[in-house]
Amino acid sequence: MNSLPVIVQLIVSGLAIGGVYGLVALAHSMLWSGVRVVNFAQGELLMIAASVSLMFVTGEWGGAKLPFVPAFIIGTLFASLFGFLIYILVIRPTTKTGFLFVIGGCVAVQMLLQSIAIMIWGSTGKPYPPIFPMTPIVIGGVYIVPQDVFILAFSLLAASFLWVFLTRTKIGTAMRASSQNRSVAGLMGINHLMTDALTIIIASGLAGLAGILLAPKFFVTPTMGVAINSKAFTAAVIGGFGNIPGAVIGGLLLGVIENLAGGIFTSQAKDAVSFIILILIIMFKPGGLFDAGPGRKA
Amino acid sequence: MRFLSKLNNTKTPFWIILAFPFIAIATLLVGDPYISHILIIGGIYGFLAIGLNIITGLCGQINLGMAGFYAIGSYSSALLTTKLGLNFWFAFIIAILFAGVAGLVIGYPALKVRGGVYLVLVTTSFASIIQTILTQWVKLTNGPMGVVGIGAPSIFGIKIVSLNQWIFFVAFLLLIAMILAMRIENSRVGRSLKAVRESDTSAQSLGVNISFYKIQAFIMSAAFGGAGGSLYAHYMTTISPDIYNMNLSVLALTMIVVGGVGSIPGSVLGALIIAILPELFRFMGIWQMAVYSLLIVLFTIFLPRGLIGGGIDSFLFFKTKLLGRE
Amino acid sequence: MNKLLRMFLVVAVLSLILSPLMAQGSKDVSTGPIVIGAVAARTGDNAGLGEMQGYGAQLAAKEINAAGGVLGRSIELKFEDSQGVPAQAVAALNKLIYRDNVVAVIGDAQSSPVLAMLPVIEKAGIPHLPHGTAPNICEQGNPWVFRTRANDDVKFGSLALFLKDNGYSRIAVLHDSADYGIGGMKSIKEALVSSPQTVVADETFTPGDKDFSSQLLKVKATNPDVLVLIGPMTDMGLAMKQARQMGLTMKFAGGAGIEGSTTLDAAGGAGEGLIFAAGFISSNPDPQVVSFVKSFIEISGGKSPDDFAATGYDSIYMLAEAIEKAGSTDPKAIEKALRENTFKGVEGVFDFDSTGEGLHSMQFGIIKDGVPAFYN
């Protein structure tokens with residue numbers, strides 16, 4: 001049973017979903033390091049992007065049937081928009097009051113968005129046409145689905161683009177400066193509002209993107225974002241909350257380890273794995289795998 | 001009279017506390033099962049809310065794991081009465097004790113982490129683990145099929161079966177819980193908890209043993225949650241693991257936000273409101289939950305001190321509102 | 001301003017709290033439309049179940065009213081949302097009974113809320129047609145329960161035996177860890193108790209989990225000739241899709257619900273050849289079924305009916321027939337009529353026994369060219 005092809009197969013399928021966890025975890029870490037907030041309703045951004053782009057791909061809305069790429073862009077933009085709105089309308093006011101209220105507000109927003117999604121699109125869910133073929137290619141006894149490879153590649157590409165953007169461009173550097181030391185960055189002429197807004201838009205867009213990537217593999221339902229977001233959150237903590245490369249690595253690791261545990265041990269182990277890793281990290285390395293110091297205060 | 005003055009240190013308007021027995025009596029008189037059920041559930045939720053307020057409102061530690069304590073309370077009580085034939089009151093006490101132990105168990109890891117985000121993760125993981133155990137340990141809990149036919153409690157030989165009896169029962173126990181919690185709040189323990197809430201470091205410099213009080217708070221919080229869980233099991237007569245999920249923990253959070261974080265009577269008010277609110281919107285059909293969640297969002301943004309402003313920092317409010325002084 | 005606003009809010013909320021105390025519906029049920037209540041999750045994770053049940057029931061009511069109603073009165077449906085939460089299901093039920101004065105209630109679609117509703121039904125004494133399939137629903141001794149679906153023992157037990165009798169000697173099972181999956185697995189094991197070696201794999205997943213690669217690899221290693229799937233519709237469809245992607249070539253099988261369009265859509269083409277046990281098969285040439293399917297597609301905006309839809313439809317029709325036969329809306333009379341008569345619905349023939357089980361056998365179908373057809 002635990003032959004090499006099986007292990008490789010488990011790793012390969014784990015990487016695909018790990019890529020998605022990584023993207024969403026990245027979004028969380030970006031928000032935290034840049035703007036010091038957590039958007040608990042991030043999963044719904046995934047859902048919005050997937051649902052909206054689906055509408056355009058199938059031509060349900062006013063008959064405009066678009067090819068994949070424009071629909072993809074529109075979906076991602078919607079996610080950015082909603083992420084921004086949630087920040088301005090809910091997260092910012094409640095952060096002043098206290099973290100408890102941020103949680104309360106975000107969770108209520110989650111419920112609100114899900115209810116509205118049910119009203120617009122119904123509750124049973126719809127399939128998303130795949131971009132790449134879903135029939136597997138067999139390499140040495142291992143079944144690889146092109147769509148999965150695409151998801152992984154795209155996730156890594158998006159993460160690297162982001163990294164390049166943040167380190168090599170002027171705006172990106174400004175965003176990083178702002179996150180490291182707001183007051184000094186301000187003195188240097190960096191506009192917080194702009195860098196904050198950009199951070200939120202990009203992070204929310206990434207989350208939405210992850211949703212669209214995931215949609216053909218899974219299914220578009222109003223609650224599709226909930227489980228992914230929660231795993232991604234764990235992944236972000238594993239990699240060090242606020243650490244961007246850490247988030248991606250955390251996501252990939254979580255995806256692979258989960259799958260391996262489920263394959264080698266029992267299926268129940270698969271669920272337990274994320275808890276166990278979380279508890280281990282919190283107990284022994286609270287800052288996550290890549291953080292130098294203790295966990296940051298909220 | 002001195003007993004009463006020890007209860008409320010003017011954080012919350014006193015008439016609110018009197019309102020609850022009034023509501024209970026009014027419901028009894030009307031005798032409509034629809035309302036009675038909602039109020040009973042609201043009252044049971046009150047235990048959850050009080051528990052959460054102790055750890056989060058008074059002690060400042062965010063806890064999204066109340067569902068776990070609730071579950072332990074429910075299952076302990078249910079299994080002890082159905083499988084071992086124990087009397088309700090024994091089962092009730094033991095359920096509270098077990099829940100308290102759970103509070104101790106979660107308290108230690110909770111001490112180690114710093115920051116709201118990590119506390120959220122630890123407490124939610126804990127509650128998930130509890131739920132998973134209850135689902136998988138089929139031999140003990142009957143797994144997802146749940147426990148059916150949980151018996152009714154009896155007091156002085158009278159079985160609590162009818163809705164009216166349950167209203168009395170829950171209101172009575174809830175009143176005791178409220179008084180207990182308020183006395184804790186206004187005792188030295190309570191003051192230490194609040195000191196921890198305000199600032200870990202300054203409390204420490206004042207000689208307060210932070211770890212000790214945080215764990216105490218978790219244990220107390222768990223005990224109240226467990227009590228509520230036990231009542232829930234005996235009222236509904238059937239329980240299953242699927243209800244003790246994150247949604248329930250979040251519901252408890254909304255209760256204290258709506259009622260007033262840091263205010264014990266506010267907790268009960270919040271619990272009642274959360275139980276009643278979705279019902280008020282039932283006539284909206286498909287819009288029911290959308291409107292409900294929108295309202296909660298508005299509450300978190302615009303009314304962080306809770307509906308009657310009994311929440312944290314309400315001292316000023318109370319003075320201006322009810323005593324007419326600026 | 002703030003003071004006034006707060007005072008206003010407090011007064012408003014308190015009066016809102018107290019106002020339902022005033023609003024009591026009229027108790028006269030002898031004239032006007034016959035009101036039937038329907039409880040199911042309409043928001044939350046399981047909202048899809050409520051949607052299908054709703055369409056089915058609506059269609060039935062529409063057709064009955066168009067044909068003149070029952071005892072000269074029209075049928076009015078009241079839908080309530082339980083969100084799949086037992087305490088909410090009870091609240092919804094209370095509202096239907098004590099505010100809307102319903103003569104009967106259908107639903108919930110999930111067993112956990114149904115179990116919580118049973119004591120209330122017993123106290124109120126009105127007929128209850130639940131759609132949950134856990135066997136213990138009818139084991140509580142409640143005389144008002146009439147289950148309009150086959151329970152899990154019948155469904156999965158007969159499926160297991162059918163598979164064995166048709167030459168499938170290596171059966172693997174992938175099921176969820178909720179009461180549906182665990183109960184279903186139990187029924188399969190019990191049915192195959194005389195030849196336990198037939199079950200070669202028993203893998204679980206959490207409902208809502210969308211990635212089954214580790215479980216499927218384990219199944220693959222046991223080399224089964226059929227894989228039985230038990231779980232939420234979407235999850236089962238995805239499992240089938242992923243199984244094919246991982247090179248699993250054996251046939252799939254499942255119980256009623258798996259042959260619905262939601263599952264088949266999620267499965268992509270992988271649903272072809274799926275064997276299922278159901279009361280309701282949408283390509284049944286029986287004219288009653290044909291007309292049901294056609295009208296359902298119209299009323300639901302293009303969705304084809306599944307098991308939940310069929311149950312919603314049959315429940316309303318059965319109540320209407322029972323009321324007609326009883327000649328009144330008196331609960332005891334309806335209960336008597338339901339138990340003493342047999343009813344032909346799109347799910348098959350219902351004959352309620354003393355415990356309230358109505359459907360005692362299943363039909364077997366196979367997905368051919370994307371649509372359910374009879375197995376032959």
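Each chain gets a letter, A, B and so on, in the order the sequences are listed, and its residues count up from 1.
Taking 4.0 Å as the cut-off between side-chain N and carboxylate O, B:Glu279 and C:Lys95 do not count as a salt-bridged pair.
Looking at every heavy atom in both residues, B:Ile243 comes nearest to C:Pro86 through CG2-CD, 3.2 Å. Closest heavy-atom contact between B:Tyr34 and C:Ala91: CE1-O, 3.4 Å. Here the shortest heavy-atom pairing between B:Met145 and C:Leu115 reads O-CD1, 4.4 Å.
Contacts of C:Ala124 with chain B are absent, with no heavy-atom separation under 4.5 Å from either backbone or side chain. Interface residue C:Gln88: backbone and side-chain heavy atoms are both found under 4.5 Å from chain B. Using a 4.5 Å cut-off between heavy atoms, B:Ser36 does not touch chain C at all. Of the two parts of C:Asn136, only the side chain, counted from C-beta on, holds a non-hydrogen atom closer than 4.5 Å to a non-hydrogen atom of chain B. Residue contact with chain C, scored on non-hydrogen atoms closer than 4.5 Å, involves the side chain of B:Met289 exclusively. In this structure, chain B has heavy atoms under 4.5 Å from both the backbone and the side chain of C:Ala116.
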Report task. Show your working on salt bridge (Lys or Arg N to Asp or Glu O under 4.0 Å) between C:Arg99 and B:Asp32 and close with a plain yes or no. Result -> CA-CA 9 Å; C:Arg99 284 302 154 80; B:Asp32 179 351; 2.2 Å; yes

Requested in this report: Decide yes or no on side-chain contact (heavy atoms from CB on, under 4.5 Å) for B:Ile286 and C:Arg42, but give the supporting numbers first.
Outcome: CA-CA 8 Å; B:Ile286 201 170; C:Arg42 300 187 200 281; over 6 Å; no

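Shown here are the salt bridge (charged side-chain N to carboxylate O under 4.0 Å, His left out) partners of C:Glu76, two or more places apart in sequence or in another chain: C:Lys78.
Of the listed residues C:Pro119, C:Pro207, C:Ala92, the one with more heavy-atom pairs under 4.5 angstrom with chain B than any other is C:Ala92. With chain B as the partner, the residue from C:Asp179, C:Asp81, C:Val85, C:Thr43 showing the most heavy-atom pairs under 4.5 Å is C:Asp179. The most heavy-atom pairs under 4.5 Å with chain B, out of C:Gly181, C:Ala178, C:Gly84, C:Ala87, come from C:Ala87.
Environment of CZ in B:Phe281: crowded, with over 12 heavy atoms of neighbouring residues, nucleotides or ligands closer than 6.0 Å. Other residues, nucleotides and ligands contribute more than 12 heavy atoms inside 6.0 Å of the NZ atom of C:Lys210. By the neighbour-count criterion of 12 heavy atoms within 6.0 Å, atom NZ of B:Lys83 is densely surrounded, having more than that number from other residues, nucleotides or ligands.
The CZ atom of B:Arg282 sits 8.0 Å away from atom CG of C:Leu96, with the distance rounded to the nearest 0.5 Å.
Of residues 227-242 of chain B, those residues with a non-hydrogen atom less than 4.5 Å from any non-hydrogen atom of chain C are, in numerical order, B:Tyr232, B:Met236, B:Thr237, B:Thr238, B:Ser240, B:Asp242.
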